[in-house]
Number of protein chains: 2
Amino acid sequence: MTAVGRVGGSPANGPASQQDMRRRNLAVVLGTVAAHSPLSRADVAGRTGLTRAAVSSLVDELIARGTLTEAATAPAGRVGRPGRALVVSDRGPASLGLEIGVGHLAACVADLRGEPRVWRRVERANAGRPPAEVLAEAAALAAEAEAEAAVHGLSVMGRVLAVPGVVPNEPRGLVEHAPNLGWHAVRPADHWPDRDTVPDLENEANLGALAELWREEHTGVTFVHVSAEAGIGAALVVGGQLFRGTRGFAGELGHVTVHPEGRPCACGARGCLEQYAGVAAVLREAGLDGTGDAVVLLAERATAGDPATLGALEGAGQAMGLALASAVNLIDPDGLVLGGAYAELAAWLLPAIRTELAARVTVRPWEPEAVRASLLGRRGPVLGAALLTVRRLLADPTRLPAG
Amino acid sequence: MTAVGRVGGSPANGPASQQDMRRRNLAVVLGTVAAHSPLSRADVAGRTGLTRAAVSSLVDELIARGTLTEAATAPAGRVGRPGRALVVSDRGPASLGLEIGVGHLAACVADLRGEPRVWRRVERANAGRPPAEVLAEAAALAAEAEAEAAVHGLSVMGRVLAVPGVVPNEPRGLVEHAPNLGWHAVRPADHWPDRDTVPDLENEANLGALAELWREEHTGVTFVHVSAEAGIGAALVVGGQLFRGTRGFAGELGHVTVHPEGRPCACGARGCLEQYAGVAAVLREAGLDGTGDAVVLLAERATAGDPATLGALEGAGQAMGLALASAVNLIDPDGLVLGGAYAELAAWLLPAIRTELAARVTVRPWEPEAVRASLLGRRGPVLGAALLTVRRLLADPTRLPAG
DNA sequence: GGCTGTTTGTAATGGCGACTTACAAACTAG
DNA sequence: CTAGTTTGTAAGTCGCCATTACAAACAGCC
């Protein structure tokens, strides 16, 4: 398990120092303001249990680091001296999210409040192109986005790139395999034009799940986020943290067995979910071919009431329900979220998924509403990529320069 | 996710105080000695990064709390003043593990080193007996064990009871359902004779997994621990911590689907693993009936080479391999451990399990040796129950009285 | 044996960070 | 305008670890 979702403070073991204490309390104050702003120093003290004096000192440092600002508002009305409103700064430190998809490049700059301030998206057929070329374009897009952000007074402190492929825990910075792009063992750092802006790497499904997690403040939440582009991936969020597995391969829902003696899969096994609920399988079942945007095509056909398409989607939903039931029995999550391409097809997938889950998850309370579609849709991964750095900065404000 | 496996220091959020720092450093020093004893104060300083002066102060307090002792040895030989050897005390604070099984009661007192010092086990047919009666006997056994421990100078600081049933996260202290005992909604505290010795509750499979985890010091390890008494349960250890799921129902491996349209299960679904690899199913397949100790019977027949038994076990192994492949694809653990009854049948189950895993886990490196049998066998749960308190004390020595 | 060099454990001092106490500032209520 | 309330900050205290200094306890060497 690696620490992508674990954006929090100090390392697991090793002694604690006074600096660790300070770091943690800075994060506590900043996090409290981020979650409940506007708040006065006294409010923060009341909520956290720190004393007003300590909060004052911590807030001074947070302001000096550019993370907090005193709002000029006068929201009085109660008796006593009115507090000065603190808000998370919408200028200064910011973060960049990038995405390389099969059909597009995207960039997003978010401020410390988590608000996206700059969006960039260009359509590009990236499949099969030389990685160096794609990465150069991504870097150019990133530079553009950062330049626009600078106009708003935002300076990017961290960069994360979302890729539709396997990103192992070790070694870091490697895309081991991205089948839809045709990438094998690509190190983006080797092709990046500027040493100083090389992004961190993360799987797009994982980032989509994190975006969903952070959409509203759910702490301690556990859910499974299913998404698909060509394969089917699931991201596991456990206790509010992304769970990547020992090697970074957790969440391979697409290769969970749904029919032990079923169709052979490209992975070498038989009866994998991907063969029944993957986009390619659904297209085949619906009698369509894969030119253009397959998901849009399926949604159109289904809306039009095409029986073959509706049947194919129902079959896919059944298979997914079967695999998800096993996941629920193993993991006992709060809920399941359909993201990525499936979010747009959720209307036709959900009934069968819910039926199957109801039939197969029996030893615990389970409500059909616990399965829902993501509200972020295709923007999830970029947004998650941007928010990852934001969360890291909120969790450790000492990463920011003091002056 | 609740904090049974999470024995470590400070809460997830909230401000840090100097006492937290002290608590943590006490745990760091104690943990270092526990892992590498004997160690001098200077050794501890070298390993932890704390200064010798700080270690001295911390060690003084740990000695005052009865957790550390200065060994009288003189292991010199190197130049310079010899250090005084520190070891974890084998007297003083200790912990009690209890187990209520279908056919027995067990108790174990362990010292702070994790060494079991007192064992008690009595055979009892507990199925169907009134819970109050069983609990009274368990309490008596506990009192006996504590009395014997007192002779060794051990005083029990915490008690944990292992039960073969579902123990929800909320409300705590409740056995919601223990089918093999015939228990429903039993609160052991209501029947315990002495208010002061009421034990904490935990599922026996979870405790077996924790015992396996702590057998040797694996920190950060992630594995799935499969065990069976009548049903099939799996305990998930994630990053060195027990994962119980949102409601405490994680690890229901027995109800993972292995044949979508297969045999109906008591849970209401079809084709659950339990119907193919549960002890009852194996007995039926082997043409045996369930009088006496089913596991011993199966092992005898298999050793004797009975073809029906061997076939039944192979079939069970196949089904388990199928379900475990899905678990591996979802969770990406370091390894799988067969515990409980399955540990004694591992010789006949493992080949089929490994074959099936090799065929179905293909998208990541996976070695057959990553599946192994538990070395603790049936003593795992009691030992885990005792060690749980030990780990809690090691993680927070301030729980112990100072004088 | 006596001297030197090395390592250990502890005492004294300092720095850092949160807590306590005290107080001026800024508002509402009357 | 006064009394009461709440806020933010300054001064002092306390707890804890780091630094420095030093006595104690050994091996090696003469």
Side-chain angles (χ1 to χ4, degrees), chain A residues 9-10 14-30 32-33 38-65 68-86 397-398 402, chain B residues 9-10 14-29 32-33 38-64 68-86 397-398 402:
Chain A
S10 45
S17 64
Q18 304 196 95
Q19 285 154 36
D20 294 333
M21 183 171 65
R22 182 73 174 180
R23 192 186 349 260
R24 167 117 175 224
N25 287 342
L26 285 168
V28 166
V29 169
L30 182 52
T32 303
V33 175
L39 245 47
S40 71
R41 290 165 175 78
D43 291 335
V44 174
R47 280 180 180 276
T48 60
L50 291 160
T51 61
R52 290 207 307 273
V55 171
S56 253
S57 159
L58 291 161
V59 164
D60 285 349
E61 181 169 345
L62 288 170
I63 290 177
R65 290 187 190 274
L68 285 185
T69 314
E70 289 198 334
T73 71
R78 298 207 331 266
V79 64
R81 169 178 165 178
R84 276 182 291 175
L86 297 168
T398 62
Chain B
S10 45
S17 65
Q18 302 196 97
Q19 287 156 34
D20 293 332
M21 183 169 66
R22 182 73 173 180
R23 194 188 345 262
R24 166 117 176 226
N25 287 340
L26 284 169
V28 166
V29 169
T32 304
V33 175
L39 245 47
S40 71
R41 290 166 176 77
D43 291 335
V44 174
R47 280 181 179 274
T48 60
L50 291 160
T51 61
R52 290 206 307 274
V55 171
S56 253
S57 159
L58 292 161
V59 164
D60 286 348
E61 181 170 344
L62 288 171
I63 290 177
L68 285 185
T69 316
E70 288 198 334
T73 71
R78 299 210 328 267
V79 64
R81 168 178 166 178
R84 277 182 290 175
L86 296 168
T398 61

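Numbers restart at 1 for each chain; the letters A, B, ... are given by sequence-line order, proteins then strands. Worth knowing before you read on, the calculation uses all heavy atoms, side chains too, and leaves out hydrogens, waters and symmetry mates.
For the residue pair B/Q18 and A/M21, the shortest heavy atom distance occurs at N-SD, 3.5 Å. Closest approach of B/A85 to B/P38, counting heavy atoms only: CB-CB, 3.9 Å. Taking both residues in full, the closest heavy atoms of B/S57 and B/R22 are given as OG-NH2, 3.0 Å, listed atom of the first, atom of the second, then distance. Considering all non-hydrogen atoms of both residues, B/L86 and B/V33 come closest at O-CG1, 3.7 Å. Heavy atoms only, all atoms of each residue included: B/T51 and B/A45 are closest at C-CB, 3.9 Å.
Between the CD atom of B/E61 and the P atom of D/dG15 there is a distance of 13 Å, rounded to whole Å. One atom, CD of B/Q19, and another, C1' of D/dC17, lie 15 Å apart when rounded to the nearest Å. Whole-Å rounding puts the A/M21 CE to C/dC16 C1' distance at 8 Å.
At C/dA18, one or more side-chain N or O atoms of A/N25 fall inside 4.0 Å of OP1 or OP2 (strictly under the cut-off).
Applying the side chain to side chain contact (heavy atoms under 4.5 Å, CB included) rule to A/T398 yields the partners A/R23, A/L26, A/R65, A/D396; only residues at least two apart in sequence or on another chain are considered.
Residue contacts shown for B/S17 are absent, as no nucleic acid heavy atom lies under 4.0 Å away.
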Original post:
What string of B, S and - do you get for nucleotides 7-14 of chain D 5' to 3' if you count protein non-hydrogen atoms under 4.0 Å?
Top reply: BBBB----

